[in-house]
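Note that ligands are numbered from 1 as they come in the structure, with each ligand's atoms numbered from 1 the same way. Remember, predicted model here, so these are calculated numbers, not experimental data.
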Amino acid sequence: MTDSLQTASTNGANGAGADIDAAETSEWLEAVDAVVEHDGPDRARQILARAVQRAQLAGSGPIASITTPYVNTIPAEREARLPSDPAVERRLRSIIRWNAMAMVVRANKTSSELGGHIASFQSLATLYEVGYNHFWHAPSEDHGGDLVYFQGHSSPGNYARAFLEGRLTAEQLDGFRREVSRPGGLSSYPHPWLMPDFWQFPTVSMGLGPITAIYQARFMKYLRDRSVLDTDGRKVWAFMGDGEMDEPESLGAISLAARERLDNLIFVVNCNLQRLDGPVRGNGKIIQELEADFRGAGWNVIKVIWGSYWDPLLARDKNGLLLKRMEEAVDGEYQTFKSKDGAYVRKHFFGKYPELLEMVANMSDDDIWRLNRGGHDPHKVYAAYAAAVKHQGQPTVILAKTIKGYGMGEAGEGQNITHQQKKMGTTSIKAFRDRFNIPIPDDQLEQVPLYKPAEDSPEMLYLKERVQAMGGSLPQRRRKAEPLEVPDLSAFDALLKSSEERELSTTMAFVRILNTIIRDKRIGKYVVPIVPDESRTFGMEGMFRQLGIYSSMGQLYKPEDAEQLMYYKEDKHGQILQEGINEAGGLCSWIAAGTAYSTHGMSMIPFYIFYSMFGFQRVGDLIWAAGDSRTRGFLLGGTAGRTTLNGEGLQHEDGHSHLLSSTVPNCISYDPTFAYELAVVIQDGMRRMYKEQLDIFYYITLMNENYAHPAMPAGVETGILKGMYQFSEGAADKGAPRVQLMGSGTILREVIAAADLLKADFGVLADIWSCPSFTELRREGMQVERWNLLHPEQPQRKSYVELCLEDHQGPAVAATDYMEAFADQIRPFVKRRYRVLGTDGFGRSDFRKQLRKFFEVDRYCVAVAALKALADEGTVPAATVAQAIAKYGIDPNKPYPPSV
Ligand SMILES: Cc1ncc(C[n+]2csc(CCOP(=O)(O)OP(=O)(O)O)c2C)c(N)n1
Ligand SMILES: [Mg+2]
């Protein structure tokens with residue numbers, strides 16, 4: 001690919017082959033020069049575009065590639081000028097470089113157990129510092145604050161700057177990656193969970209920064225278009241590595257950014273040509289490749305390849321030979337050049353053509369070594385940023401060429417090993433000190449001390465002045481917005497009553513709850529319903545007309561179903577985010593909305609509903625990042641359950657999302673059966689997240705099986721929330737065998753039916769427990785056990801599960817539509833014989849009844865399991881179990897479900 005791109009740009013796009021009339025070519029080129037000179041480059045582009053179109057119509061085939069020559073996009077004469085003293089900025093940057101290096105080297109002095117990265121930030125330092133000093137506004141009276149997604153593993157650079165600003169102490173820097181043993185120790189990477197006043201966006205899982213930044217920028221437009229919040233003038237900046245661009249998430253949403261014309265979004269790709277193991281595109285050119293990707297997607301692309309020292313050479317390159325050489329050399333060579341020295345560059349770069357050697361003949365090797373890359377030149381970086389913030393109607397990507405391990409010299413500059421270099425020998429440290437003029441005497445170099453200049457030094461005064469001018473420090477995370485007034489449970493009264501004859505699914509119940517919340521005058525407008533392309537699946541299409549589907553362009557067409565009541569309404573003020581078939585995007589919107597209390601000082605209430613199979617399993621890492629981000633909101637795993645979403649088969653039927661959701665510490669999960677359980681859970685979730693402002697989120701599974709819902713029994717609210725309550729009690733007959741039956745989701749209804757079978761067919765009585773959250777029950781039980789472990793001499797506590805069951809006789813059986821491990825979570829707290837039924841194995845399609853038979857979670861299997869538990873206790877003979885197996889037509893030699 002790169003090859004053809006190179007040829008295209010060198011030869012003026014598809015002009016390959018011999019020039020059959022050089023004089024004619026010159027005339028054309030001179031004509032272009034004249035237009036540029038008299039009427040400017042925009043006019044030149046206009047004329048050429050018309051000319052190209054004419055030729056294409058005449059059958060020329062494609063002309064003009066989407067890449068441009070391998071030089072800076074902004075010509076030197078059109079650069080905005082850095083408005084400050086470059087020398088003071090260099091001084092400041094150098095000190096930050098030193099401290100960022102020192103904190104990693106110091107942490108790893110005794111052992112490399114703690115880790116850390118030096119090389120990445122050294123390549124980024126200029127890109128960050130120009131942003132800090134001139135472009136990134138902190139939240140203040142006058143500005144809502146820009147949102148900067150910093151590259152995760154360059155965190156030492158952020159800490160080093162915060163140290164100079166006086167936000168972090170030397171002790172804290174020495175506690176880098178020591179968060180347990182050192183109070184105030186600094187987290188390895190940007191983790192809002194661990195440093196909630198500092199980091200805003202967790203970016204270190206490669207690819208999540210870019211995609212979440214795109215949706216953040218889009219969400220800011222959504223807030224503005226809906227007149228919820230004025231976000232104009234605020235920018236989202238996202239920094240990422242060139243290696244990181246290989247993640248599908250990094251590029252996967254760039255077309256959305258262009259389509260939505262997100263001119264509040266700026267990507268900066270640090271093209272240091274290396275990833276962890278080695279070159280990103282040794283045999284090609286990552287900058288050209290990314291230029292094509294982004295330009296093709298509709299972005300404004302600004303390449304910052306060469307630093308100012310190249311300008312005079314490029315100005316002299318009349319015949320384009322230097323450009324040709326620049327385009328020929330592949331990234332692997334560029335990396336090698338910077339791992340060597342000026343003499344090597346002379347010989348191997350310029351030396352390829354005698355004319356180029358001649359061009360640099362009067363430059364020393366040191367001069368050649370000083371020929372800098374654009375990303376290390378504050379003038380070039382400033383010009384690019386200034387152009388990016390002004391650009392309208394498109395997102396901008398800045399592709400900045402840098403050197404990985406810049407300044408590390410022999411310890412790693414441009415070397416393949418540099419990514420993981422966390423130690424530097426004294427010779428390298430000395431060279432680093434000299435290169436950046438850090439006033440540390442030789443005899444102290446061994447300790448690599450942190451360095452902070454006097455408060456009244458020019459660089460510190462400049463730093464303070466800049467921080468003040470930008471409205472404060474970044475990164476900075478605010479923790480709270482005003483609490484919201486959440487409706488009482490009584491608002492959902494209709495769902496707390498019996499549905500009588502009416503049969504409905506919990507998904508339908510959810511839609512009714514959501515409608516009630518949206519109609520609430522106080523909080524309705526803060527609700528953000530988010531769906532992938534599944535609204536109709538979940539019966540939510542009625543909301544299209546009512547709320548409108550957000551579209552930044554409104555609706556430019558008359559929808560096909562315009563005459564219908566519930567037509568497909570796109571609207572600039574629309575409230576629904578219909579993300580297309582894009583679970584990752586839906587999740588990113590949900591994160592943007594669920595963290596708005598922090599990023600925008602305003603609580604939003606996002607409900608993201610998706611196929612439960614395509615949630616934790618598909619975009620689990622984003623959900624993990626949502627937990628880290630302290631996202632507050634509801635995730636709804638629509639039409640869940642391995643036997644309840646019956647017709648869809650193996651790839652859709654989810655029997656494990658509840659196990660996955662249990663792995664996220666601040667995720668509260670429920671698998672409700674009845675509408676009233678759902679209402680109680682959602683009402684309390686809103687109370688906890690938006691009134692109490694707890695940093696938790698909810699995962700709730702919803703089903704599509706229709707059935708009648710009973711009225712809420714009195715006084716069960718607390719039990720629902722804790723995860724278990726008694727749904728019904730068997731008759732008080734002391735003589736009869738008795739079991740405790742538990743269940744969740746739709747399978748609770750099989751459990752209820754099993755109780756009837758047991759009573760009618762075998763005279764066994766059952767108390768029935770609805771367990772909307774085995775996960776919450778386990779968490780509570782574990783805490784109790786831990787307390788008991790650590791307080792052996794105090795009266796021992798009982799878990800909630802134990803307390804529920806202690807006055808009830810008989811073994812326990814639980815059945816759910818999830819893997820056995822789900823209900824098995826509470827085994828230690830049941831304190832009696834406990835048999836669990838679940839849906840282990842790959843799903844398949846059939847009627848629900850058949851699936852439940854297959855997975856052995858239907859009423860008959862529950863009844864048999866209960867009898868077996870009684871038989872094991874000697875309460876009934878084993879023959880009774882065999883009798884039940886025969887009576888219910890269960891094949892004892894049926895294969896084990898996970899094996900087929
Ligand atoms: C999803 C994911 N996979 C792997 C890693 C481990 N990792 C951290 S940094 C890195 C290399 C990054 O290279 P690049 O994006 O070019 O950044 P640079 O350090 O060169 O600026 C890798 C593989 C990660 N953090 N996240
Ligand atoms: Mg890189």
Side-chain angles (χ1 to χ4, degrees), residues 97 100-101 104 115-128 131 149-158 177 187-191 199 201-213 238-252 267-282 284-290 293 304-305 330-332 334-336 338-339 373-376 381 397-408 411-422 584 587-588 618-626 628:
R97 284 181 183 283
M101 176 278 290
V104 177
H117 301 86
I118 302 170
S120 300
F121 174 69
Q122 297 304 333
S123 66
L124 257 180
T126 307
L127 295 169
Y128 273 10
Y149 289 65
F150 291 102
Q151 190 194 40
H153 58 281
S154 289
S155 60
N158 300 93
R177 294 183 168 231
S187 66
S188 51
Y189 304 121
H191 294 304
W199 293 117
F201 309 112
T203 45
V204 78
S205 179
M206 308 263 110
L208 302 194
I211 192 168
T212 46
F239 283 83
M240 58 211 79
D242 46 359
E244 182 171 8
M245 300 317 285
D246 285 342
E247 290 285 2
E249 289 88 344
S250 302
L251 291 173
F267 269 19
V268 183
V269 188
N270 176 18
C271 298
N272 57 23
L273 315 185
Q274 290 179 244
R275 50 192 176 205
L276 193 152
D277 284 342
V280 175
R281 294 288 183 274
K285 275 194 171 61
I286 187 65
I287 291 180
Q288 297 301 86
E289 182 179 325
L290 291 175
D293 290 339
V304 185
I305 303 179
V330 291
D331 284 357
Y334 280 115
Q335 184 194 334
T336 304
K338 284 301 178 188
S339 68
R373 290 193 180 166
H376 291 295
V381 173
V397 59
I398 293 168
L399 303 171
K401 184 163 171 166
T402 61
I403 300 163
K404 191 148 176 170
Y406 184 80
M408 288 169 75
E413 190 152 347
Q415 295 175 24
N416 280 335
I417 48 94
T418 200
H419 185 86
Q420 283 168 312
Q421 194 69 314
K422 41 195 168 273
L587 222 291
C588 291
R618 174 123 188 177
V619 288
D621 200 27
L622 276 167
I623 302 180
W624 184 254
D628 188 352

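Using a 4.5 Å cut-off on side-chain heavy atoms (C-beta onward), Pro202 and Tyr189 make no contact. Under the 4.5 Å side-chain criterion, counting only non-hydrogen atoms from C-beta, His117 is not in contact with Pro156.
Set against the non-hydrogen atoms of Glu244, the atoms of ligand 1 under 4.0 Å away are 14 (P), 15 (O). Atoms of ligand 1 found under 4.0 Å from any heavy atom of Gly243, numbered from 1 in the order shown, are 14 (P), 15 (O), 16 (O). In the vicinity of Asn270, heavy-atom distances shorter than 4.0 Å reach the ligand 1 atoms 21 (O).
Taking backbone and side-chain atoms together, Asn272 has an N/O/S atom less than 2.8 Å away from the Mg ion (ligand 2). Note on Gln274: counted as a metal contact of the Mg ion (ligand 2), an N/O/S atom lying under 2.8 Å.
Nearest protein neighbour of atom 6 (C) of ligand 1, counting heavy atoms only, is Leu276 CD1, 4.6 Å. When only non-hydrogen protein atoms are considered, atom 8 (C) of ligand 1 lies nearest to Met206 CE, 4.0 Å. Summary of contacts: the protein heavy atom closest to atom 17 (O) of ligand 1 is Gln151 NE2, 3.3 Å. What sits closest to atom 25 (N) of ligand 1 on the protein, heavy atoms only, is Val204 O, 2.9 Å. Of the protein's heavy atoms, Lys404 NZ, 3.3 Å lies nearest to atom 18 (P) of ligand 1. Regarding atom 13 (O) of ligand 1, its nearest protein heavy-atom neighbour is Arg275 CA, 3.5 Å.
No side-chain donor-acceptor contact under 3.5 Å links His376 and Thr402. The closest side-chain donor-acceptor pair between Gln335 and Asn416 falls under 3.5 angstrom.
Within the structure, ligand 1 lacks Met240 among the residues with a heavy atom less than 4.0 angstrom away.
Closest heavy-atom approach to atom 19 (O) of ligand 1 within the set Ser120, Cys271, Ser205, Pro279: this belongs to Ser120.
The aromatic ring centres of Tyr128 and Phe239 sit less than 6.0 Å apart.
By the criterion of a heavy-atom distance under 4.0 Å, the side chain of Asn272, and not its backbone, is placed next to ligand 1. Under 4.0 Å from ligand 1, not a single heavy atom of His117 appears.
With hydrogens and angles ignored, the 3.5 Å screen pairs no side-chain donor or acceptor of Asn272 with any backbone N or O of Lys401. Arg97 places a side-chain N or O within 3.5 Å of a backbone atom of Gln122 that can act as its donor or acceptor partner. Judged by distance alone, the side chain of Thr203 and the main-chain N or O of Gln151 form no donor-acceptor pair under 3.5 Å.
Asp242 contributes OD1 as its N, O or S atom closest to the Mg ion (ligand 2).
Backbone and side-chain nitrogen or oxygen atoms of Ser123 are examined, and none is located within less than 3.5 angstrom of a nitrogen or oxygen of ligand 1.
Distance remark: protein heavy atom present below 4.0 angstrom from atom 1 (C) of ligand 1.
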* salt bridge (charged side-chain N to carboxylate O under 4.0 Å, His left out) between Glu413 and Lys338, intermediate numbers included -> CA-CA 7 Å; Glu413 190 152 347; Lys338 284 301 178 188; over 6 Å; no
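Salt bridge absent: Lys404 and Asp242 never bring a charged side-chain N and a carboxylate O closer than 4.0 Å.
Exactly one of Val330, Leu273, Ile286 qualifies for a side-chain contact (heavy atoms from CB on, under 4.5 Å) with Arg281. That residue is Ile286.
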